[in-house]
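Quick notes on the structure that follows.
These values consider heavy atoms only, across backbone and side chains, with no hydrogens, waters or symmetry-generated copies. The residues of the chain are indexed from 1 along the displayed sequence. What you are looking at is a predicted structure, and each value in this text was computed from that prediction instead of being measured.
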Amino acid sequence: MPSPFHALARFADGSYIDRPATDAAFARMHRRDVVGDRVHLALACLGLFLLAGPVTVTELAFAPLLVFFFVRAVNTGPLWIHAFGQPAVLTGLALAAWLGITLAWSPDRAQGLDEIARLRWFLLVGLIYPAIERRHALTTALALGLIVAGLAQLASGFDALHPPFASSHPSRITGWWDPVVAGSVQVGAIGLFLPAALRGAGRDRWIGTIGLTVAVAGLLASGTRGAWLSGGLLLLIAVPLILRGAETRAKRTAGAVVLVGVVAVVLVGWSQRAGLALRVDQARTELAAAGGGDLDSPTGARIAVMNLAAESGTARPWGLGAGGIRTAAAARFGEGHAAAHLEHAHSSPLHLFGVGGPVALFLGGLFAWAVLRAGVRETPADPNRALEAGLPLAFAGLLLAGLFDAVHINTHTAALLGALAALCPAYRPTPSERAGHDKPQTVSPNKDLFIR
């Protein structure tokens, strides 16, 4: 009798997926619709490239792919059960279903429905799956989109280059993103670009180096203090992991890349020193006030709703109900308190725990575990495919950012979570079924994932 942990691990690995049937469904699709394969790949790449754009662009980025997905249903139909049967989709649907049940006792069902609707991005796993054999092309499209969005963010800090989307936070450079979203997205981007920048080769190294420089500068410029902590922790963990066992030449090249990144950070920091100093001073003042019991400040309000979510999930194992954080905060602290204006707990784990109790927290954790396991297992050893090696680190970066931001609710971060889950399915076709397509080069779990 397998232990519960072993059973969960088998589920997260997609052991129930019929591998031969999946391979046969891909082969059938290729035989019947070669042109459709190319169009599907192009539209998936387009959606991934546009994902980090302004919110309206993000919402519509995958609309062409969605339409085409149903247009070619006759040729791809047998693949759907394997596409939408991935662990990430099933756990996402289970989480949405449980949160839907909690609406029965939610004090704000409209807000709850909006929160549940954000989980729709997890369906990207199934939409992109028919093109997953070309994962490197898909990952490159996502990477280029993040670079363009990051450059637009940095450009918005200069009056002469200010893009046509004015920021409402003059002391923070955020482009078309909300400041907290900008910080969280850039933490994920740092994870995506790190392996390519430090140990990649060819085009991937150039993309990784440019992307990492832009992402680090964008993270600093966002002024998002929680994201600063998450990004710093990610770098402390990921850089030694990536460089473990590297040759001297590779370490020297990585050192040059790090130097470029440091120069970029110094330049951004110097140009925005007044705004950054203001953010640091605000943090000191607000934390000191919170320590004295005054939580009526931006930082204090976030501490207040985090504590409220933790207490609610503990006292009510079924949770407050989806959308219940703001109402509960207003009831406890009063309508005039800063916490009463926050729609979520500013922490994904705590928010899930607060509105859905241990069940929601467990399902969210299972989703994250399944995606991370799949991403690590499919890490390529080829340095020319180093961007793909950054997928699990990008997901890990978003999870770290989720300690200080409800990344599963905000549109851009929820979309990025869905995209990364789509690029890390539990099972992809075997090389023998992929004639004419990129062939994955994976390493066994007992080897260094980033050794060339």
Side-chain angles (χ1 to χ4, degrees), residues 45-61 140-194 196-197 203 205-228 230-231 235 257-280 387 390 394 397-398 401 405 410-413 415-416 419:
C45 286
L46 175 65
L48 290 167
F49 177 79
L50 297 176
L51 180 143
V55 65
T56 302
V57 174
T58 301
E59 293 283 7
L60 298 175
T140 301
L142 175 63
L144 293 176
L146 287 169
I147 290 175
V148 170
L151 289 173
Q153 176 196 350
L154 296 176
S156 70
F158 300 93
D159 293 336
L161 300 175
H162 202 293
F165 5 80
S167 171
S168 58
H169 304 272
S171 64
R172 304 167 73 175
I173 301 174
T174 63
W176 48 61
W177 291 318
D178 176 85
V180 175
V181 171
S184 297
V185 169
Q186 294 297 19
V187 174
I190 288 172
L192 179 64
F193 293 120
L194 262 178
R203 184 177 60 183
R205 167 161 279 175
W206 283 104
I207 294 175
T209 301
I210 295 171
L212 181 61
T213 302
V214 171
V216 172
L219 173 61
L220 181 64
S222 72
T224 305
R225 294 163 299 200
W228 290 349
S230 302
L235 289 170
V257 171
V258 171
L259 180 60
V260 171
V262 170
V263 171
V265 168
V266 170
L267 291 176
V268 172
W270 176 256
S271 65
Q272 298 298 315
R273 58 191 181 279
L276 295 176
L278 176 63
R279 295 295 293 160
V280 173
L387 278 174
L398 274 183
D405 179 26
N410 293 324
T411 297
H412 285 101
T413 50
L416 186 54

State, to 0.1 Å, how close G211 and I147 come at their nearest heavy-atom pair, and which atoms those are. CA-CG1, 3.7 Å
Going by side-chain contact (heavy atoms from CB on, under 4.5 Å), name the residues that satisfy it together with A227, two or more places apart in sequence or in a different chain. V187, L219, T224
Evaluate L194 against L235 for side-chain contact (heavy atoms from CB on, under 4.5 Å), listing each step before the verdict. CA-CA 9 Å; L194 262 178; L235 289 170; 3.8 Å; yes
G175 and S156: which non-hydrogen atoms are nearest, and at how many Å? N-OG, 3.1 Å
Measure across A189 and A215 and return the closest heavy-atom pair with its distance rounded to 0.1 Å. CB-CB, 3.8 Å
Side chain proximity check, L142 to L146, heavy atoms < 4.5 angstrom: yes
For a side-chain contact (heavy atoms from CB on, under 4.5 Å) check, start with the C-alpha distance between T209 and R205, then their side-chain angles and the critical distance, and finish with the verdict. CA-CA 6 Å; T209 301; R205 167 161 279 175; 4.0 Å; yes
Could you pull out all residues at least two apart from A143 that satisfy side-chain contact (heavy atoms from CB on, under 4.5 Å)? L192, F193, I207, L387
Starting at CH2 of W177, measure out to OG1 of T58 and round the result to the nearest 0.5 Å. 9.0 Å
Straight-line distance of T140 OG1 to F49 CZ, nearest 0.5 Å: 12.0 Å
Identify the heavy atoms of G145 and A52 that sit nearest to each other, and give their distance. O-CB, 4.2 Å
Find the distance between CH2 (W228) and OG (S222) and round it off to the nearest 0.5 Å. 7.0 Å
Within this structure, what is the CD1-CG distance for the pair I190 and L398, rounded to the nearest 0.5 Å? 11.0 Å
Show your reasoning for whether side-chain contact (heavy atoms from CB on, under 4.5 Å) applies to D178 and T174. CA-CA 6 Å; D178 176 85; T174 63; over 6 Å; no
Less than 3.5 Å apart, which donor and acceptor atoms pair up between the side chains of residues 179-186 and the rest of the protein, not counting sequence neighbours?
unit_1, atom_1, unit_2, atom_2, d
S184, OG, V180, O, 3.2
S184, OG, D405, OD2, 2.9
Q186, NE2, Q153, OE1, 2.8

